[in-house]
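Here is how names work: the chains are called A, B, and so on, in the same order as the sequence lines, proteins then strands, and each is numbered from 1. Please read all numbers here as calculations on a predicted model, not as lab measurements.
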Protein chains: 2
Amino acid sequence: MPQADRRISNSREDILDAAQRVAVREGPAHVTLDAVARDCGLSKGGVLYNFPSKDALISGMLERLIGTIRLIIEQHREARKGQPNPTLRAVVAASKFTDEFDPNVQMAILAAAAQNPELLEPLRAEFAEQYANIQQEAKDPDLAMVLWAATHGLMFQTLLGIAPFPAERQNELIDRLLAHIEKSAR
Amino acid sequence: MPQADRRISNSREDILDAAQRVAVREGPAHVTLDAVARDCGLSKGGVLYNFPSKDALISGMLERLIGTIRLIIEQHREARKGQPNPTLRAVVAASKFTDEFDPNVQMAILAAAAQNPELLEPLRAEFAEQYANIQQEAKDPDLAMVLWAATHGLMFQTLLGIAPFPAERQNELIDRLLAHIEKSAR
DNA sequence: AAAACTATACCGACCAGACGGTAAACTATA
DNA sequence: TATAGTTTACCGTCTGGTCGGTATAGTTTT
């Protein structure tokens, strides 16, 4: 990503921004090519020039989403370098910041994935990598997996809006998770 | 639900059966009123007579799904009556049988919920009840929640096809979960 | 008991709108 | 002037939903 590339066309980023805005503002179902085009001040043709299909657009959204999450995780992991279970702890800690990512955006991706499961491939890859790292670092791999899964359980519950407790309680639980991990490392 | 009621019209059940078949056979995106009607040998009008809207149909699917899962959980809970954490252990144990419910069916509901989150209300209610029971029964409520969440994490991973391990490993993990619960009860 | 009436369950043609995608023409830039 | 980027106009399809109509069974009226 040299500067040249970015200047020539930051339309892609603009379009992805617009797609997110549309998802947040109008709901996951309204992330259509027309709506996105309208929002970013481009024509539909212009959008389709940058993303040759709607699936490509959704893919772009997911990849960018994973990218930013990855960054957060990486920061947390850096801070825990040398300590036990750095990846697991980073992932769990990062999950506290998930609220910043609007559920509607994630739901838009999920809805698209219902029609074309391959769209989730980047997510699968990310999970596979996390899995490998966590397993390798863990003294008790099974326990590590349980705690990793718990994080996802909490995330999905809030994503779908079916969590039976408020956000603060969820944060408590995440802290409890982290405590568990530290205890298990000893 | 006296017998009379059921005999007068089992169309609703027939339609729900068809909707499931369509979801499994053609994928979540193809669960349309036309497709369901075709599959159950009714006309679209007939389907809409029984379910006044597509949302109503999806709602029907979800409610029936929850009903059957509830049954399984109830059986497990009955078998654990008097022991500690009966609900939590029942829910976790029942999650082993989730594979029997085709992901496509669940994805169809999820996709519809992206357009109308209220559709998930029955699920929210079910979760709230599980939550209340589990919390009340647990000696360590936080830990119980972590394990409950872990179950959901595993379920969602396989539902979305992004689990980084095979089904056997997942079952191992569930057993590990159960072991954890028993240990924590002492 | 025959006729008139009503309710239930269903049919199937049709519609309006949304949506993804295409193609040709235009524009600016290097 | 060639190429990248974008616009405009249009198309075809899919889909949820409406609506008038029908057949059958049951109920009331005469």
Chemist: Please state whether the base of D:dG16 and the side chain of B:K44 form at least one donor-acceptor pair under 3.5 Å?
Modeler: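 Checked by distance alone, the answer is yes.
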Chemist: Hunt down the Watson-Crick or G-U wobble partner of D:dT22, both distances under 3.5 Å, from any strand shown, or write none.
Modeler: C:dA9
Chemist: I want to verify a distance call: between C:dC19, D:dT7, C:dC10, whose nearest atom is closest to the B:N50 side chain?
Modeler: C:dC10
Chemist: Could you check if a side-chain atom of A:E182 sits within less than 4.5 angstrom of a side-chain atom of A:R89, using non-hydrogen atoms only?
Modeler: yes
Chemist: Once you apply a heavy-atom cut-off of 4.0 Å, does A:S43 come out as touching a base, just sugar-phosphate, or nothing?
Modeler: base
Chemist: Would you mind reading off the distance between A:D55 atom CG and C:dG20 atom C1', rounded to a whole angstrom?
Modeler: 10 Å
Chemist: Side chain of B:S11 only, please: which of D:dT8, D:dG16, C:dC10 is the nearest?
Modeler: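 For the B:S11 side chain, the nearest candidate turns out to be C:dC10.
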Chemist: Given the structure, check if the side chain of B:K54 and the base of D:dG17 hold any donor-acceptor pair shorter than 3.5 Å.
Modeler: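 Checked by distance alone, the answer is no.
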Chemist: Between C:dT22 atom P and A:F51 atom CZ, what is the distance in whole Å?
Modeler: 16 Å
Chemist: If you check the A:Y49 side chain, which of D:dG5, C:dG12, D:dT7 turns out closest?
Modeler: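 The nucleotide sitting nearest to the side chain is D:dG5.
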Chemist: Tell me the partner of C:dA30, counting only Watson-Crick (N1-N3 plus N6-O4 or O6-N4) or G-U wobble (N1-O2 and O6-N3) with both under 3.5 Å; none if nothing fits.
Modeler: D:dT1
Chemist: Looking only at the side chain of A:L48 (C-beta and beyond, no hydrogens), which of the listed nucleotides C:dT22, D:dG17, D:dT7 gets closest?
Modeler: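 Given the options C:dT22, D:dG17, D:dT7, the side chain of A:L48 is closest to C:dT22.
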Chemist: Side chain of A:N50, backbone of A:G46: donor and acceptor closer than 3.5 Å?
Modeler: yes
Chemist: Nearest whole Å is fine: how far is D:dG16 P from B:N116 CG?
Modeler: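 After rounding, the gap between these two atoms is 14 Å.
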Chemist: May I have the distance from A:E26 (atom CD) to C:dC19 (atom P), rounded to whole angstrom?
Modeler: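 Rounded to the whole Å, the gap is 10 Å.
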Chemist: Send over the distance from B:N10 CG to C:dT8 P, rounded to a whole Å.
Modeler: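 In whole Å, C:dT8 P and B:N10 CG are 18 Å from each other.
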Chemist: With a 3.5 Å distance limit and no angle check, can you tell me whether A:N85 reaches the backbone of A:L88 through a side-chain donor-acceptor pair?
Modeler: no
Chemist: On DNA chain C, compare the nucleotides closest to A:V31 and A:G45; which residue's is nearer the 5' end?
Modeler: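 Between the two, 5'-proximity favours A:V31.
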Chemist: Take atom CG of B:D34 and atom P of C:dC14, then tell me their distance rounded to the nearest Å.
Modeler: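 Rounding to the nearest Å, CG of B:D34 and P of C:dC14 are 15 Å apart.
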Chemist: For the side chain of A:L33, starting at C-beta, report the closest nucleotide among C:dG20, C:dC10, D:dT7.
Modeler: C:dG20
Chemist: Is there a donor-acceptor pair under 3.5 Å between the side chain of B:K54 and the backbone N or O of B:V31?
Modeler: yes
Chemist: Taking CZ from A:R38 and P from D:dT8, how many angstroms apart are they, rounded to a whole number?
Modeler: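 Spelled out: CZ on A:R38 to P on D:dT8 is 14 Å.
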Chemist: Do other residues, nucleotides or ligands put more than 12 heavy atoms under 6.0 Å from A:Q83 CD?
Modeler: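 Yes, the 6.0 Å shell around CD holds more than 12 heavy atoms from other groups.
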